[in-house]
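Values reported hereafter were calculated over all heavy atoms of this structure, with side chains retained and with hydrogens, waters and symmetry mates removed. We number each residue from 1, following the sequence as shown.
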Amino acid sequence: MTDNELLLAISNMMDTKLEPVNKEMQELKGEIQGIKEDVKGLKEDVKGLKEDVEVLKEDVKGLKEDVEVLKEDVKGLKEDVEVLKEDVSDLKIRVKKIELTQETQILPQLNTIQACYTSTYERYKVSVDDYETMKQDISVLKNVVEQHSEKLQLLA
């Protein structure tokens with residue numbers, strides 16, 4: 001066998017022996033390519049997540065600021081409520097005084113006025129009928145006096 005034939009035989013033998021290795025290398029290259037694509041997708045996902053996290057951070061920052069404003073508002077409201085409580089307490093005292101004044105002074109006076117008015121009304125209610133009768137009598141007297149005056153003037 002010649003050197004060329006020997007080299008060709010060795011080359012064929014190496015090709016045969018290395019074929020499974022080449023095949024595995026091709027498979028590994030395909031898998032590595034898939035992994036690269038997956039990593040690329042993961043990088044994009046991570047980038048999107050980072051952007052989302054930044055947006056969330058900004059939102060949380062805004063919420064914190066809003067919470068601070070709300071805390072200040074609540075503090076102001078608490079102060080207002082304290083003032084209102086004091087005012088209501090003062091009003092309760094004043095209303096109690098007014099109620100006592102009504103009960104001890106005004107209502108007894110109103111009862112006295114009502115009693116006087118009622119008794120006066122009862123007296124004058126009876127007199128109304130007499131008043132109407134007197135009115136009619138006066139009207140009749142006027143007519144009689146007019147007639148007598150006319151008769152006296154005719155006689156005079």
Exercise for the section: First locate atom OG of S11, then atom CD of E5, and finally report the distance between them rounded to the nearest 0.5 Å. Expected result: 13.5 Å
Problem - side-chain contact (heavy atoms from CB on, under 4.5 Å) partner of Q33, chosen from K29, E37, E31 - result: E37
Practice task
State whether the side chain of S139 and the backbone N or O of K135 hold a donor-acceptor pair below 3.5 Å, judged by distance alone.
Solution key: no
Problem - Spatial distance of atom CG (L56) from atom CD (E54) [nearest 0.5 Å] - result: 9.5 Å
Problem - Spatial distance of atom CE (M13) from atom CG (L18) [nearest 0.5 Å] - result: 10.0 Å
Exercise for the section: Kindly determine whether V83 and E79 satisfy side chain to side chain contact (heavy atoms under 4.5 Å, CB included), including the steps that lead there. Expected result: CA-CA 6 Å; V83 169; E79 292 170 359; 5.8 Å; no
Practice task
Flag the pair K61 and E58 as a salt bridge only when some basic side-chain nitrogen lies within less than 4.0 angstrom of an acidic carboxylate oxygen.
Solution key: no
Problem - Under 3.5 Å donor-acceptor, S149 side chain and V145 backbone - result: yes
Practice task
Give the C-alpha distance, both sets of side-chain angles, the deciding distance and a yes or no for side chain to side chain contact (heavy atoms under 4.5 Å, CB included) between V140 and Q136.
Solution key: CA-CA 6 Å; V140 168; Q136 288 176 355; 5.6 Å; no
Handout entry: Gap separating the CD1 atom of I138 from the OG1 atom of T133, nearest 0.5 angstrom
Key = 11.0 Å
Handout entry: E132 atom CD, over 12 foreign heavy atoms within 6.0 Å
Key = yes
Exercise for the section: Assess whether atom CD of E27 is packed by more than 12 heavy atoms of other residues, nucleotides or ligands within 6.0 Å. Expected result: yes
Practice task
Output the distance between atom NZ (K43) and atom CG (D45), rounded to the nearest 0.5 Å.
Solution key: 12.5 Å
Exercise for the section: Inspect the surroundings of CD in E99 and state if more than 12 heavy atoms from other residues, nucleotides or ligands are less than 6.0 Å away. Expected result: yes
Exercise for the section: Evaluate the side chain to side chain contact (heavy atoms under 4.5 Å, CB included) criterion for residues R123 and T120: first the C-alpha distance (whole Å), next the side-chain angles of each, then the deciding distance (0.1 Å), finally the verdict. Expected result: CA-CA 5 Å; R123 278 185 295 173; T120 304; 3.2 Å; yes
Fill in the blank from the handout: When rounded to the nearest 0.5 Å, the distance separating CG of L107 from OG1 of T101 is 10.5 Å
Problem - Same apolar cluster: V67 and L77, side chain cutoff 4.5 Å - result: no
Practice task
Could you walk me through whether I98 and Q102 pass side chain to side chain contact (heavy atoms under 4.5 Å, CB included), step by step?
Solution key: CA-CA 6 Å; I98 291 170; Q102 284 180 343; 4.2 Å; yes
Exercise for the section: Taking the side chain as every heavy atom from C-beta outward, state whether V144 and H148 have any atom pair closer than 4.5 Å. Expected result: yes
Practice task
Indicate the atoms forming the closest heavy-atom contact of P108 with T104, along with that distance.
Solution key: CG-O, 3.4 Å
